[in-house]
Amino acid sequence: MNPKNSFFELPIVTRAGQFLARYSEKGLAGLDFPAGRASPRAAKKEIVRAKIRAWHRVTETALKNILAGRKPKKLPPLDLAGTEFQKSVWNALRKISIGKTKSYGEIAEAIGKPKAVRAVGGACGANPVPVLVPCHRVLAANKKLGGFSGGLDWKRSLLAREGVSLPSAG
DNA sequence: TCCGTATTGAACT
DNA sequence: AGTTCAATACGGA
């Protein structure tokens with residue numbers, strides 16, 4: 001009985017595809033982009049606690065709101081596994097509101113380590129809960145896209161949904 | 001300890 | 001305008 005394996009994975013079906021939310025006993029621990037294939041292993045036989053079902057409802061609503069370009073009223077509790085540095089970065093990311101962007105350098109300054117720009121990029125890539133923790137709102141200094149673990153198409157798409165216009169070829 | 005990284009800014013062509 | 005290079009902080013092996 002590994003506590004590590006006791007994650008609950010539940011699908012979230014949106015217009016943009018089927019996301020996969022992963023919950024620990026403490027809250028939302030991960031969110032995966034649609035993988036192209038609907039993973040049936042998400043539907044487990046295990047009894048999902050009412051607690052987690054409630055979180056899942058909140059997650060679903062929040063995710064759909066963001067995909068529609070609206071600010072979610074409520075987020076589920078987050079159980080993000082990471083170092084203190086990463087958590088401080090993710091916390092800073094959550095302060096970026098819908099439709100706004102910041103650069104990696106600005107995030108680095110926000111957490112009091114202005115030189116740690118590259119490390120900030122690393123922490124963004126390690127973000128277990130994209131979209132809800134808006135790692136996609138971080139651009140490079142010259143408004144270039146930078147990178148995105150879910151694929152640059154997703155980053156572009158998410159920003160477009162929030163009304164952010166990119167200077168890409170324009 | 002060494003290597004890679006979703007950076008950045010400056011120098012060079 | 002595109003390319004290369006060094007600086008820098010952090011995480012994984």
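The chains referred to below are lettered A, B, ... by the order of the sequence lines, with proteins before strands, and numbering in each begins at 1.
In this structure, A:Gln86 atom CD and C:dA9 atom C1' are separated by 12 Å, rounded to whole Å. Rounded to an integer number of Å, the gap from A:Glu109 CD to C:dT8 P is 16 Å. A:Phe33 has its CZ atom 15 Å from the P atom of B:dA6, to the nearest Å. The interatomic distance linking A:Lys144 (NZ) with B:dT7 (P) rounds to 9 Å, in whole Å. Distance A:Arg156 CZ to B:dA6 C1': 13 Å, rounded to the nearest Å. What separates CG of A:Asp153 from P of B:dA6 is a distance of 17 Å, to the nearest Å. Between the P atom of C:dT3 and the CG atom of A:Asn142 lies a distance of 14 Å, rounded to the nearest Å. What separates NZ of A:Lys102 from C1' of B:dT7 is a distance of 17 Å, to the nearest Å.
When distances run from any side-chain atom of A:Arg118 to the nucleotides C:dG11, B:dT8, C:dT8, the shortest one goes to C:dT8. The side chain of A:Ala141 lies closest to B:dG9 when the candidates are C:dG11, B:dG9, C:dA9. Of the candidates C:dG11, B:dT8, C:dA9, the closest approach to any side-chain atom of A:Val117 belongs to B:dT8. Considering only the side chain of A:Ala119, C:dC10 comes nearest among B:dA6, C:dC10, B:dT8. Each of B:dA6, C:dC10, C:dA9 was ranked by its minimum atom distance to the side chain of A:Lys113; first place goes to C:dC10.
Around NZ of A:Lys51, the count of heavy atoms belonging to other residues, nucleotides or ligands within 6.0 Å exceeds 12.
Heavy atoms of A:Gly105 sit under 4.0 angstrom from primed sugar atoms or phosphate atoms, though from no base atom. Heavy atoms of A:Phe85 sit under 4.0 angstrom from primed sugar atoms or phosphate atoms, though from no base atom.
Applying the ring-ring contact (aromatic ring centres under 6.0 Å, His included) rule to A:Tyr104 yields no partners; only residues at least two apart in sequence or on another chain are considered.
Two residues are said to be in side-chain contact when any heavy atoms from C-beta on lie closer than 4.5 Å; A:Tyr23 and A:His56 meet this criterion. Put simply, the side chain of A:Asp32 does not reach to within 4.5 Å of the side chain of A:Glu9, judged on heavy atoms. Here the side chains of A:Trp90 and A:Pro128 are in contact, with some heavy-atom distance below 4.5 Å.
Taken to the nearest 0.5 Å, the OG1 atom of A:Thr101 stands 10.0 Å off from the CD atom of A:Glu162.
Between A:Thr83 and the phosphate of C:dG11, there is a side-chain N or O to OP1/OP2 separation shorter than 4.0 Å.
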After noting the C-alpha distance and the side-chain angles of A:Phe33 and A:Phe19, does the key distance pass the ring-ring contact (aromatic ring centres under 6.0 Å, His included) rule? CA-CA 5 Å; A:Phe33 284 100; A:Phe19 288 73; 5.7 Å; yes
Convert the base pairs of DNA chain B into dot-bracket notation, remembering that pairs crossing earlier ones are written with [ ] and that bases paired across to another strand are shown as |; include only Watson-Crick or G-U pairs under 3.5 Å. |||||.|||||||
